[in-house]
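Here's the structure, in structure tokens; my notes come after.
The first residue in the sequence is number 1, and the count goes up from there. All values reported here derive from a predicted model rather than from experimental measurement.
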Amino acid sequence: MGEFELIRRYFSPLAGQSRAASLVLGPGDDCAIERVAPGNELVFSVDTLVEGGHFPAGYNPEHLGWRSLAVAASDLAAMGAQPVCFTLALTLPEASPEWLEHFSRGLSRASRAFGLELAGGDTTRGPLTLTLQVHGEVPAGGAILRSGAAEDDYVCVSGTLGEAGAALDYLDAVSPSEDEQAVLERYHAPVPRLDLGMALQGLASAAIDISDGLLADLGHILEASGVGAQLDPRAVPVSSAVARLKGEEEALRLALEAGDDYELCVAVPRGAWDSLPDTVRTQLTIIGKVVSGSGITGIEAAPVAGGYDHFGSK
Ligand code: ADP
Ligand code: MG
């Protein structure tokens, strides 16, 4: 199977399935074409996943297909952007029809679930590596940045935290328990908070998606905004499944430090909190407030969490 046959068989069928109106031209030409609606801005981001680093060697290709797009789409959620399309640069050691079949199936499901249409890509041979660029749109000036948090804002997170981190201990489980299965699902099939991000546009003062751990990612908001935060660790939404599997203390540590959950951490001005629609407010938990100064206080014996650093010693 040659490169073009591979693209035709496994990736061309994904084009057109989410009918992104602003994608004028998809795969097949030298470039894709996207029409950005007047008054909107294009929001884009690129992510690379390398086998052995970002996912285990021999990782289930259907999970990989879903996960790679979910992880990339999560950055759009953090900006409050409406998803439009993505490109895929795929480097493969070999053209295995079985692997490609499963990978493209996972990718296709994610593409439809997130409303992100495959616009094009590149296919090369080498160590398994995936690079996905996602495109979204916001009304001009409407993107939620990391730098907008201000003193007295609430610090909030969506969902529950620590499940994907706990899952790392069960990746090889032969017959996982119900709780183990629940956390594994979080790791294999994260769901980016795209609707929440869009709903928070114009209301949240800052946002980030939690890929490296709450403390690390909140730290990025605080640094960009030139403020600090006071957290109440008892308010952090730990997962009950993780608490049962690992105990309360470890569940909290994972909620604070572990990555891969792809929930949102947002700052919301107190005035805006009351005007949040119920459907938005119920997705968020207030875990503290923004204060003057820098860094995070309130977490006793706070673990030094810089997040994952590819070139760090951690
Ligand atoms: P070029 O040589 O101009 O870079 P390519 O031969 O790399 O073109 O790609 C031909 C077409 O196939 C392009 O439109 C490109 O977007 C598309 N394409 C290549 N790889 C993929 C892929 N993995 N998924 C989707 N489209 C792809
Ligand atoms: Mg090419």
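- Across every non-hydrogen atom of L203 and S275, the tightest pair is CD2-OG, 4.2 Å.
- For the atom pair C265 SG and L284 CG, the distance stands at 10.0 Å (nearest 0.5 Å).
- At least one donor-acceptor pair under 3.5 Å links the side chain of T282 to the backbone N or O of D278.
- Here R253 contributes atom CZ and I299 contributes atom CD1; the two are 13.0 Å apart, rounded to the nearest 0.5 Å.
- Considering all non-hydrogen atoms of both residues, G159 and R193 come closest at CA-NH2, 3.4 Å.
- Both L64 and F114 belong to a single network of hydrophobic side chains, linked directly or stepwise wherever heavy atoms of I, L, V, M, F, W or Y lie under 4.5 Å apart.
- Around CG of D172, the count of heavy atoms belonging to other residues, nucleotides or ligands within 6.0 Å does not exceed 12.
- A side-chain donor-acceptor contact under 3.5 Å links T124 and T91.
- A donor-acceptor contact shorter than 3.5 Å is absent between the side chain of S225 and the backbone of L222.
- Under a 3.5 Å cut-off, the side chain of S239 and the backbone N or O of A241 do form a donor-acceptor pair.
- The cluster map of Ile, Leu, Val, Met, Phe, Trp and Tyr, joined by side-chain heavy atoms under 4.5 Å apart, puts I208 and Y154 in different clusters.
- Between atom CG of residue L200 and atom CG of residue L264 there is a gap of 7.0 Å, rounded to the nearest 0.5 Å.
- Looking at R281 and D274, no side-chain N of the basic residue comes within less than 4.0 Å of a carboxylate O on the acidic one, giving no salt bridge.
- Note that the CG atom of L215 and the CG atom of L256 stand 4.5 Å from one another [nearest 0.5 Å].
- Heavy atoms only, all atoms of each residue included: A149 and A267 are closest at CB-CB, 3.8 Å.
- With contacts defined as side-chain heavy-atom distances shorter than 4.5 Å, the pair V24/E34 does not qualify.
- Residues F44 and F86 have side chains not in contact (no heavy-atom distance under 4.5 Å, counting atoms from C-beta outward).
- The structure places OG of S104 at 9.0 Å from CH2 of W99, a figure rounded to the nearest 0.5 Å.
- The side-chain heavy atoms of P233 and I287, taken from C-beta on, include no pair separated by under 4.5 Å.
- Residue pairs meeting the side chain to side chain donor-acceptor pair (under 3.5 Å) criterion with at least one member in residues 175-184, sequence neighbours excluded, are D179-R244.
- Side-chain contact between P83 and V134 is absent, with no heavy-atom pair separated by less than 4.5 Å.
- To the nearest 0.5 Å, atoms CE (M198) and CD1 (I144) are separated by 10.5 Å.
- In the hydrophobic clustering of ILVMFWY residues, with side-chain heavy atoms under 4.5 Å counting as a link, L194 and V157 come out apart.
- For Q283 (side chain) and T279 (main-chain N/O), a donor-acceptor pair under 3.5 Å exists by modelled atom type.
- For the pair E3 and R125, the salt-bridge criterion is not met [side-chain N within less than 4.0 Å of a carboxylate O].
- A pairwise comparison of heavy atoms in S68 and L107 identifies OG-CD1, 4.3 Å as the closest pair.
- With a 6.0 Å cutoff to the six-membered ring centre and a 45° limit on the axis angle, R67 counts as a cation-pi contact of Y187.
- Between L171 and P56 there is a side-chain heavy-atom pair separated by less than 4.5 Å.
- The existence of a salt bridge linking E5 and R9 is confirmed by a sub-4.0 Å separation between a basic side-chain nitrogen and an acidic carboxylate oxygen.
- Between E137 and V36, some side-chain heavy-atom pair lies under the 4.5 Å cut-off.
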Kindly indicate, with the supporting measurements, whether the criterion side-chain contact (heavy atoms from CB on, under 4.5 Å) is fulfilled by S111 and L118.
CA-CA 7 Å; S111 158; L118 182 61; 5.6 Å; no
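- Aromatic ring orientation, Y59 versus F55: tilted (interplanar angle from 30° to 60°).
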Cut-off 3.5 Å, no hydrogens considered: what does the side-chain donor-acceptor table look like for residues 70-78, sequence neighbours left out?
residue, atom, partner, partner atom, Å
S74, OG, D209, OD2, 2.7
D75, OD2, S45, OG, 3.3

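- In this structure a side-chain-to-backbone donor-acceptor pair under 3.5 Å is present from E51 to G58.
- For the pair T285 and C156, the minimum side-chain heavy-atom distance is 4.5 Å or more.
- Using a distance-only test at 3.5 Å, with no hydrogens or angles considered, no donor-acceptor pair links the side chain of S147 to the main chain of L145.
- At a threshold of 4.5 Å between non-hydrogen side-chain atoms, the residues L218 and V155 count as touching.
- A119 and A32 get closest at one heavy-atom pair: O-CB, 3.3 Å.
- Looking at S158 and E263, their side chains do bring a donor and an acceptor atom within 3.5 Å of each other.
- Under the 3.5 Å distance criterion, the side-chain polar atoms of T131 are left unmatched by any main-chain donor or acceptor of T48.
- Identified under the salt bridge (Lys or Arg N to Asp or Glu O under 4.0 Å) test for residues 140-165, with sequence neighbours left out: E163-R186.
- Under the 3.5 Å distance criterion, with hydrogens and angles disregarded, a donor-acceptor pair is assigned to the side chains of Q17 and S108.
- Hydrophobic clustering of Ile, Leu, Val, Met, Phe, Trp and Tyr side chains at less than 4.5 Å, counting indirect connections, unites L128 with W66.
- Note on L88 and L6: same hydrophobic cluster, where clusters join Ile, Leu, Val, Met, Phe, Trp and Tyr whose side-chain heavy atoms are under 4.5 Å apart, directly or indirectly.
- D232 contributes a side-chain N or O that, together with a main-chain N or O of R234, makes up a donor-acceptor pair within less than 3.5 Å.
- The two residues G120 and P27 have their closest heavy-atom pair at N-CG, 4.0 Å.
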